[in-house]
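The next block holds one structure in the form of structure tokens; read it before the comments.
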Number of protein chains: 2
Amino acid sequence: MSAATTVQRDTKREILDAAEAMIQELGYNGFSYQHIADLLGIKNAAVHYHFRSKADLGAEVIERYRRRFQRWAEQLEVQRKGVHAKLEAFFQIYYDLSNNGQRACPAGMLQAEFNAIPEEVREATRGLMIDLQEWLTGLLAQGREAGAFRFPGEPADQAVVIAATLQGALQIARSCGPERFDAAVAQLKRQLAG
Amino acid sequence: MSAATTVQRDTKREILDAAEAMIQELGYNGFSYQHIADLLGIKNAAVHYHFRSKADLGAEVIERYRRRFQRWAEQLEVQRKGVHAKLEAFFQIYYDLSNNGQRACPAGMLQAEFNAIPEEVREATRGLMIDLQEWLTGLLAQGREAGAFRFPGEPADQAVVIAATLQGALQIARSCGPERFDAAVAQLKRQLAG
DNA sequence: GTCTATAGGGAGATAGAC
DNA sequence: GTCTATCTCCCTATAGAC
């Protein structure tokens with residue numbers, strides 16, 4: 001009975017995985033159904049069977065990413081991680097992207113292309129970006145209260161700076177080398193250490 | 001004789017202006033020769049007369065942007081601006097983008113699309129990004145020495161954080177509203193004030 | 001669920017008239 | 001310098017057989 005759910009959705013999941021990777025590497029306007037079909041060894045009509053339109057696929061990629069982030073955050077609570085460990089885990093998400101074929105944050109990619117993507121994808125992107133910022137804001141507020149982080153101004157403002165730095169540095173790393181991303185993260189840590 | 005140079009290149013300049021605006025708003029893969037032709041009221045063949053290929057056009061847009069930035073930096077020196085005024089002027093460049101139809105930094109857009117654009121455009125983008133960072137690094141080193149800025153670590157690392165924040169925040173502002181960009185810049189200033 | 005076949009449109013680019 | 005006309009290719013998407 002567990003096999004039923006697993007076997008049934010294989011192609012659909014593979015398409016989502018491929019689309020997610022391509023959005024991170026090439027952007028929404030940088031890949032096509034044909035690219036996905038070629039990668040999976042199927043025909044582009046089969047991709048349309050699972051996702052009626054490219055806009056649907058793009059939106060579902062982001063919605064899945066949001067759910068995954070929520071589960072990730074819940075896991076950190078279950079594991080009773082401290083604020084430092086939580087921030088480190090958050091940085092690690094972006095570090096992994098950088099080390100995995102110079103991918104970028106999907107939210108960052110879609111915000112760059114924001115005026116050239118379908119409305120449904122925009123809405124999903126906005127939701128993801130808000131989730132990320134709210135989580136970061138909570139962590140920063142909690143961490144400063146506990147004396148773990150030091151920064152001026154409001155936690156929400158510092159959260160924008162951190163989110164923007166991570167997204168921007170992943171993109172800068174593409175033209176200037178991955179060490180620029182590492183340098184940015186190291187500098188963020190120094191700043192928060194006060 | 002001054003008219004000779006002015007009249008001669010009108011269309012070419014208009015194409016560069018349109019392409020620059022479209023790269024900032026839509027990205028390299030978000031506009032076409034047809035879009036430019038429609039905007040200028042000409043035919044797409046006329047655009048090809050001035051720029052043989054889209055890759056040429058993209059690269060020239062960035063090269064012109066680089067030259068403009070260099071002249072901008074030289075002007076600041078001529079005017080003997082202080083480090084605070086220089087940083088403020090730098091922020092103003094991005095502020096203007098944000099207020100002009102939620103445009104983004106051209107370097108940021110092309111770095112997001114980096115794996116989906118022609119090699120010539122990539123090289124120009126890399127050059128622009130290096131120029132921006134070198135200028136910022138010099139300013140930060142000079143400013144800290146003069147006691148105007150406070151930050152930990154190396155000036156080059158702080159420069160990546162600032163450049164990434166500005167690029168990233170312009171993109172975040174598209175989905176979350178322009179006030180997020182303002183908040184990021186305000187936070188950067190607080191950090192540098194120490 | 002996946003295929004073949006194809007519609008319908010837009011892309012980048014070129015030839016040659018004016 | 002700009003036009004008309006056209007080539008070739010790739011895109012998203014659908015119909016209908018298997």
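Here is how names work: the chains are called A, B, and so on, in the same order as the sequence lines, proteins then strands, and each is numbered from 1.
- Two rings, from B:Phe181 and B:Tyr95, have their centers less than 6.0 Å apart.
- Cation-pi check for B:Lys54 over B:Tyr28 is met; the charged atom lies under 6.0 angstrom from the ring centroid and within 45 degrees of its normal.
- For B:Ser98 (side chain) and B:Tyr94 (main-chain N/O), no donor-acceptor pair under 3.5 Å exists by modelled atom type.
- Taking only side-chain atoms of B:Ala46, from C-beta outward, the nucleotide of C:dC3, D:dC3, D:dG1 with the closest atom is D:dC3.
- If you take NZ of B:Lys12 and C1' of D:dG1, they are 13 Å apart, rounded to a whole angstrom.
- When the nucleotides D:dG1, C:dA13, D:dC3 are ranked by their closest atom to the side chain of B:Ser53, C:dA13 comes out on top.
- Around CZ of B:Arg150, the count of heavy atoms belonging to other residues, nucleotides or ligands within 6.0 Å does not exceed 12.
- The phosphate of C:dG1 has OP1 or OP2 within less than 4.0 Å of a side-chain N or O from A:Tyr49.
- Computed from coordinates, the B:Ile15 CD1 to D:dT2 C1' distance equals 11 Å when rounded to whole Å.
- B:Phe90 and B:Phe69 have perpendicular rings, their planes meeting at more than 60° on a 0 to 90° scale where under 30° would count as parallel.
- Using a 30° and 60° split on the angle between ring planes, B:His48 and B:Tyr33 fall in the tilted class, from 30° to 60°.
- Using a 4.0 Å cut-off on heavy atoms, none of the residues of residues 21-34 of chain B approach DNA chain D.
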Applying side chain to side chain donor-acceptor pair (under 3.5 Å) to A:Gln191 and B:Gln158, what does each step give before you reach the verdict? CA-CA 9 Å; A:Gln191 287 178 341; B:Gln158 181 64 33; 3.0 Å; yes
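- Rounded to an integer number of Å, the gap from B:Phe51 CZ to C:dT14 P is 15 Å.
- Environment of CD in A:Glu145: sparse, with no more than 12 heavy atoms of neighbouring residues, nucleotides or ligands closer than 6.0 Å.
- Remark: B:His35, B:Asn44, B:Ala45 in residues 35-45 of chain B come within less than 4.0 Å of DNA chain C through at least one heavy atom.
- For the pair A:His50 NE2 and C:dG1 P, the interatomic distance rounds to 6 Å; values are reported in whole Å.
- Among residue pairs with one or both ends in residues 168-178 of chain B, those qualifying as side chain to side chain donor-acceptor pair (under 3.5 Å) are A:Gln111-B:Ser175, A:Gln171-B:Gln171; sequence neighbours excluded.
- One atom, CZ of A:Arg52, and another, P of D:dA15, lie 9 Å apart when rounded to the nearest Å.
- Rounded to a whole Å, the CG atom of B:Leu57 is 14 Å from the P atom of C:dA11.
- Taking atom NZ on A:Lys54 and atom C1' on D:dA13, their separation rounds to 13 Å, with Å as the unit.
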